There are 2 protein chains.
Amino acid sequence: MPCQNFDYCFNNNSDELREDSRKKIAIVGGGNWGSAIACVVGKTVKTQDDVFQPIVSMWCRDSRKPGDTTPSIADTINATHENPKYLPGRRIPSNVIATSSLLDACESAHILILVVPHQGIPQICSELRGKLREGAHAVSLTKGISSTSENDVIRMQLISEDIEKALGVECSVLMGANLAGEVADGKFCEATIGCKSLENGEELKMLFDTPNFRIRVTTDYEAVELCGALKNIVACAAGFADGLGWAYNVKSAIIRLGLLETKKFVEHFYPSSHHTYFESCGVADLITTCYGGRNRKVAEAFIKSDKPLQAVEQELLKGQSAQGPPTAQDVFEMLEIHEISRYP
Amino acid sequence: MPCQNFDYCFNNNSDELREDSRKKIAIVGGGNWGSAIACVVGKTVKTQDDVFQPIVSMWCRDSRKPGDTTPSIADTINATHENPKYLPGRRIPSNVIATSSLLDACESAHILILVVPHQGIPQICSELRGKLREGAHAVSLTKGISSTSENDVIRMQLISEDIEKALGVECSVLMGANLAGEVADGKFCEATIGCKSLENGEELKMLFDTPNFRIRVTTDYEAVELCGALKNIVACAAGFADGLGWAYNVKSAIIRLGLLETKKFVEHFYPSSHHTYFESCGVADLITTCYGGRNRKVAEAFIKSDKPLQAVEQELLKGQSAQGPPTAQDVFEMLEIHEISRYP
C-alpha cells in the first residue's frame, strides 16, 4: 500500500514546492542504521523547519525476487511506519517517505545521507551520477575503505572520496558510538561529523543534533572515517575473544591495541590528520562496537559454531552484513601493497 | 595453623639468608587484588630466581574481633594456599607466606608491594616508618588521591607521594585493566608501571611481567596513578547508567567523557605530564572497570535498591570497599579548593 503522501513528495511540480528555499533531505539506505537515522532526521527536520523541508525521502532497495508479490520494504514502511525486517518495533516518523526508486528519492535533495553497505556504493553512485541538484552535498554513514590506482600505483581512498569523485559533490562523514536500536529508541548517544567545509559540517549538525544525539563537528574527516571503518575489525577480534571465553581484561587490551593500530594506520596514510580518537567516533565507538555491535556478535558465534562465516552472518543478521571481515581483507591488501607489517 | 615455613621466612638469622644478594619481596595487603597479585609474583620470583628470593611475604590484616577463635586470614592462606574470603577458588602459590605482622612481612624486604585501600595507608606507613631496609623501594597498587597543606595552601598529593614522604623510599605505581579474578586465573591482561627512576621501574617489570600479565613502563607516574584513581568515579557513573537501564551508547559516552575529564584533571595538577591515556592504565583500565569492576557493580545495585550505599557495599563486597565514592568526595573537595568547575 503506497503512502498517500507519495505523489506529493516525489512527483509534485507545483510552484509552491519548487520555490521552497529550505533544504530537502534524502536518506539512501533502508537497513538497520538507515532506519534508525530516519527516526532522528524525521524529527529534526520538524524542529528545524526554517532550514529543512518537512518531508524526508528514503530510498530502500527492493530486494524482492521476480514474482514475489509481498510488499516492498518501502511500501511496508510507508504503510506501517516501521521497518519490520531491519529495525522491528521502532516507529519511523510519518514524514519519512520511503521509495524503491533511487532517483525519485535523491534528484531534488539538497543533502544526501548515504547509509548503505560499502559494497553498494559504486552501483548507487553510478545511478546517481549527473542526476543530482546543483549545490547538493552528502554525508556518508558507510563503513569501509577503498582504493584508487594512479599511474599503476594503488593508493588508499576513503569511501567519502569515492562518493565525491563519482557524484561531484562534497561528502562529509558521520561516525560514532551509535547502536541503531538504541538511537531509534531515543537513548542518549554522541556522534562525530568529519567534514571538508565547516559550512556543510554545521548544516549537518543542525540536521542530526538533538538532546539525545549529541553531535560534534571536526574537519579531521580522514580520522573520523577510518575510525568508523577499522573499529569493525577490532570488534571481530573482541568477538573471537568472547567466543573463546576470555574476559574483560583481554577485551580491554584488544580495544586499546585496536585503537593504537587505528591511530598508526591513520598516521601512515594521512600524516596531517590531527587525531580525533577522544571523540565519539574514536574510543567510544570502538567500545560500543566491541561490546554491543553486530561484528562482535557474528565473530563470537563463528568461533562457537562449526558453520562458515556467511552462514552465521545470514542467521544472525537476516540479510544485513557485518563489515568487519571485508574491511579486514581490504586493509590487509592495502598493508601488503604498501609493505607495512607489524599489525596482527 | 601456622605455616611450616614461617620461622624460616621471617625469623631466620642464619648467615646464609643474610648473605642472599637477591631481592626479597613483601606484599602489603591480603584483599582481592593483593591475593591476585600474590598469584603473579609468587610465580615470577621463581622464574627470575637469580634476581628475587623465592619466598614472598604477604601481610594480611587480622580483622578478627577479640575472642574470635577462627583462624586469621594469614593462617588460612598458609594452611590452604587460598584466600577464601576475598579470592575464593584461586590457588596462591605455596612460596607466598602470609603473616598478620606487618613488621615481620616488611622489615627485611627490598621491594614492598602496597595493595591496601587508600584509607589504610597512613596507619601502615606510620607502623613501618624507620623500620625498612636501606635501599628498599615500593610500588603502590592503591587507588585514590590525597592532599597536603603547605603554608595554609592545600594542594593535591598522590598516594605514592604520601608513601614516599612517610617511609622515605621511592614509590612507583602499577595500574591497568586488571580484574583480580582474571589475573589470578592467568587470563591475559596488560598493566602499566609509572616510576620515578627507570632503574626501579625495570626491576618492577621483571617482578610482574609474565606472558599473560604484560607490563609497560613509563616515567609519567602522575598520569598513571591518577588514571587508576579516577576511573573508579567514572565506573560509578557507568553503574548508575546500568541501574537506570541505559545501554551501550550511553556507557561509551560516559567512558569517553570520563577519559577526557581524567586528562583535564591530570593536566591541571601536573601540566608537565606527558599523557599515557593510550596505555593499559588509561583507556583499557577505564573500560574494564566500567564493565566488570566492583564500583560499577555497587553503583548499579545502589540505584536498583532502596538501601544506603554502605549496606549495598557490605552485601556485595563482603568487607572490601568500593573506592569510587570516597575518591569522588576527595576529588570534589580538591576541585572546590582550586575553584575548578566544569566537571559534572
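Quick note on labels: first sequence line is chain A, next is B, and so on, each numbered from 1. None of these values were measured; they are calculated from a predicted model.
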Subject >> Parallel, tilted or perpendicular: rings of Tyr277(B) and Phe278(A) (30°, 60°) >> reply: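 Ring orientation, 0 to 90° scale: perpendicular.
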Going by residue number, which parts of [range] are within reach of chain A, meaning a heavy-atom gap below 4.5 Å?
range                       : result
residues 229-260 of chain B : Gly245(B), Ala247(B), Tyr248(B), Asn249(B), Val250(B), Ser252(B), Ala253(B), Ile255(B), Arg256(B), Leu257(B), Leu259(B), Leu260(B)
residues 176-194 of chain B : Ala177(B), Asn178(B), Leu179(B), Glu182(B), Val183(B), Lys187(B), Phe188(B), Cys189(B), Glu190(B)
residues 215-225 of chain B : Arg216(B)

Subject >> Residues in residues 279-300 of chain A that sit under 4.5 Å from chain B, counting heavy atoms only >> reply: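 At a heavy-atom separation under 4.5 Å, chain B is reached by Glu279(A), Ser280(A), Val283(A), Ala284(A), Ile287(A), Thr288(A), Tyr291(A), Gly292(A).
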